[in-house]
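One structure is given below, encoded as structure tokens.
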Amino acid sequence: MSYFFYENVMDHYKNPRNKGKPDSYDTEYGDSNPTCGDNVKIYIKIEANRIKKIGFEGNGCALSMASASLMTEMVDGESLDNALKISEKDLMNELGIKELGPNRIKCVALPVKVLKMAIISYISKQNS
Ligand code: FES
């Protein structure tokens with residue numbers, strides 16, 4: 001584990017950005033990793049197809065919580081289309097992680113999955 005990786009993960013884990021449920025939001029989605037039970041829930045306020053406000057709640061390992069925190073910073077203010085393009089690799093790059101084994105990639109994948117499901121759920125409601 002590189003020092004940069006450790007520092008970045010611990011910074012987001014100890015001082016999570018956008019943690020908590022916003023006063024109002026247009027879509028939400030929560031899920032957990034079945035193997036460990038760690039969970040993340042995302043709340044998004046949307047205006048003109050752009051993320052106006054995003055918050056998250058969750059309990060889990062340092063990597064899953066740090067990934068959720070970093071991800072909310074990365075997509076805040078972005079269009080829904082751009083937010084849907086975010087990948088585990090993007091989060092790993094920002095955290096300074098070159099590669100992760102299958103047991104740890106799920107920690108980064110959880111917040112990405114939850115974000116995408118919250119947006120897809122919003123879009124499908126708009127189109128119904
Ligand atoms: Fe469960 Fe990381 S160990 S999400």
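Atom set for the values below is all heavy atoms of this structure, side chains included, hydrogens, waters and symmetry mates excluded. Both ligands and their constituent atoms are indexed starting at 1 by order of listing. Predicted model only: the values in this text are computed from it and were never measured.
Between the side chain of Asn8 and the main chain of Gly96, no donor-acceptor pair closer than 3.5 Å is present.
For Lys52, the NZ atom is loosely surrounded, since the number of other residues' heavy atoms within 6.0 Å does not exceed 12.
Counting only residues at least two apart or in different chains, side-chain hydrogen bond (donor to acceptor under 3.5 Å, both in side chains) contacts with residues 114-128 are absent.
Protein N/O/S atoms found under 2.8 Å from atom 1 (Fe) of ligand 1, listed by chain and residue number: Cys36 SG, Asp38 OD2.
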Output, in order, the C-alpha distance, side-chain angles, deciding distance and verdict of side chain to side chain contact (heavy atoms under 4.5 Å, CB included) for Met71 and Ile86.
CA-CA 8 Å; Met71 185 187 73; Ile86 198 162; 4.1 Å; yes

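Counting all heavy atoms, side chain and backbone alike, Pro22 lies closest to Gly55 at CG-N, 4.1 Å.
Salt-bridge formation is not detected for the pair Lys53/Asp26: no Lys NZ or Arg NE/NH1/NH2 atom is positioned less than 4.0 Å from an Asp or Glu carboxylate oxygen.
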